[in-house]
Number of protein chains: 2
Amino acid sequence: MKLTEQKRMQILDAAEELFHSSGVEHTSMDQLALQAKVSKRTVYNHFATKDALFQAILQRMFNKLAQGGEVRFNVAEPIDQQLRSIAQDEVTLLSSAAFLRVAKIAIMQVMQRPELAQLMSDSSLGCKRYIDNFLTDACSAGVLQITDIPFAGKQFIYQLKSFVFYPSLFGLEQQTPAQQAHIINEAIALFLARYQAK
Amino acid sequence: MKLTEQKRMQILDAAEELFHSSGVEHTSMDQLALQAKVSKRTVYNHFATKDALFQAILQRMFNKLAQGGEVRFNVAEPIDQQLRSIAQDEVTLLSSAAFLRVAKIAIMQVMQRPELAQLMSDSSLGCKRYIDNFLTDACSAGVLQITDIPFAGKQFIYQLKSFVFYPSLFGLEQQTPAQQAHIINEAIALFLARYQAK
DNA sequence: CGATATAAACTACACCGTGCAGTTTACATA
DNA sequence: TATGTAAACTGCACGGTGTAGTTTATATCG
């Protein structure tokens, strides 16, 4: 790898690490250069300002997370099994270190600078991308009965987010895999009790 | 009121206002004194450091919010009506400017200094205080059928939080009263579909 | 008169971003 | 393989700015 690319990586890695552990505000460029084992001048040769570096970090982290399969509705498979598959993917994402990092950094910035809020809502990660289509197909097939599909989709995702994501984000607690399985089961039970076609 | 108490109030009011609108970090003590219409030295006569002032603010805001009625289960009243009453109180709290202020300030600090996380989870506000008792009574009366009561209570509260609180916190959107009513109705429908005794 | 408030200047420090002289690296050409 | 060159990196000092907290001299209130 070219040297300059190597240095750039070191800078981004250090920034990701420090922005996460100390917050963007509390990370000085001197500290960052030290951690990256790069001179401060080199940091500024790659990124004009601290903010540019922050933008680049967010972009890189989003790209890392953007991968991930899409689940499409399958008439032949039991609905609870399909929902479980979706939920498991989502919980894996929501509790992954990578996702928690970018979320923490992004949310801290958004709360300090509300004008960036749109950035967050626009970015569509995980099952949010395809859940509406999935539910629509399931309704068409007569498996589910939902009047407000986007709302129901949110209800499902929010269950997982509330139990898995926010507690981790705020440093309150981590779930064991057994607890995660319980959360998924109950989210599905709740959802199907309301929306499964009879 | 004694003058010194009056000044103290002015300082706390200004701090609450500025800490919320600009964040703790971005609020300077000069700015704060200006807004409080008080000299900077007076600020320091009341609060030794910026951090002490911050602690006092948090304490005062929590005390303001700690009030709030408790709903107890009533066999004679329909369960959906009682849940609606609880949910309405909760949504009113979660969307109140006062609650959003303290939450924003507190969460930002918690995310920057994870060692303070316990502070948040300990403080019990709103229906979180009494919902377990309520659900236990409703189960005993045979109105609801729940195996894991604390978990079910969270499921209910998290519905409201996810739709009302977090979007406001992150500056994404505010709900109209009509939307809030819809959220409450659907949260109850979801909950009862799963847990109402048949 | 004594306690308290005020305004303004001051100290001490941390941080962003720049300039520059000198060194290292990558690489092409002889 | 040796050498030249351009691009990139380094280290350090520095200007400018913002801010926590202090000091000092003065005014005001009870």
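Both backbone and side-chain heavy atoms feed into the values below; hydrogens, waters and symmetry mates do not. Letters A, B, ... are given to chains in the order of the sequence lines, protein chains preceding strands, and every chain is numbered from 1.
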Show your reasoning for whether salt bridge (charged side-chain N to carboxylate O under 4.0 Å, His left out) applies to E90(B) and K128(B). CA-CA 9 Å; E90(B) 191 71 2; K128(B) 192 180 164 197; over 6 Å; no
Any side-chain heavy-atom pair from C139(B) and Q145(B) closer than 4.5 angstrom? no
Could you walk me through whether R60(B) and D13(B) satisfy the salt bridge (charged side-chain N to carboxylate O under 4.0 Å, His left out) test, starting with their C-alpha distance in whole Å, then the side-chain angles of each, then the deciding distance to 0.1 Å, before giving a yes or no? CA-CA 10 Å; R60(B) 191 180 76 148; D13(B) 289 343; 3.0 Å; yes
Could you give the [atom1]-to-[atom2] distance, from [X] to [N], as a whole number of Å?
| X | N | atom1 | atom2 | answer |
| --- | --- | --- | --- | --- |
| Y44(A) | dG11(D) | OH | C1' | 16 Å |
| N45(A) | dG17(C) | CG | C1' | 12 Å |
| Q10(A) | dC9(D) | CD | C1' | 11 Å |
| E25(B) | dA20(D) | CD | C1' | 12 Å |
| L53(B) | dT19(D) | CG | P | 16 Å |
| R8(A) | dC9(D) | CZ | C1' | 15 Å |
| E5(A) | dC9(D) | CD | C1' | 15 Å |

With axes from five pairs an end, tell me the bend angle of the helix from dC1(C)-dG30(D) to dA30(C)-dT1(D), nearest 10°. 20°
Please report whether the ring centroid of F54(A) lies less than 6.0 Å from that of F47(A). no
Are the aromatic rings of F191(B) and Y195(B) close, with centres under 6.0 Å apart? yes
Name all residues meeting the salt bridge (charged side-chain N to carboxylate O under 4.0 Å, His left out) criterion together with [X]; count only those two or more places apart in sequence or in a different chain, and write none if there are none.
| X | value |
| --- | --- |
| D148(B) | none |
| K37(B) | none |
| R84(A) | none |

Checking Y158(A) now: which residues fulfil ring pair (Phe, Tyr, Trp, His ring centres under 6.0 Å) with it, not counting sequence neighbours? F163(B)
Residues of residues 26-42 of chain B with any non-hydrogen atom less than 4.0 angstrom from an atom of DNA chain D: list those, numerically ordered, please. T27(B), S28(B), M29(B), K40(B), R41(B)
On the nucleotide [N], are OP1 or OP2 found under 4.0 Å from the side-chain N or O atoms that [X] carries?
| X | N | result |
| --- | --- | --- |
| K7(B) | dT6(C) | yes |
| H46(A) | dA8(D) | no |
| K50(B) | dA20(D) | yes |

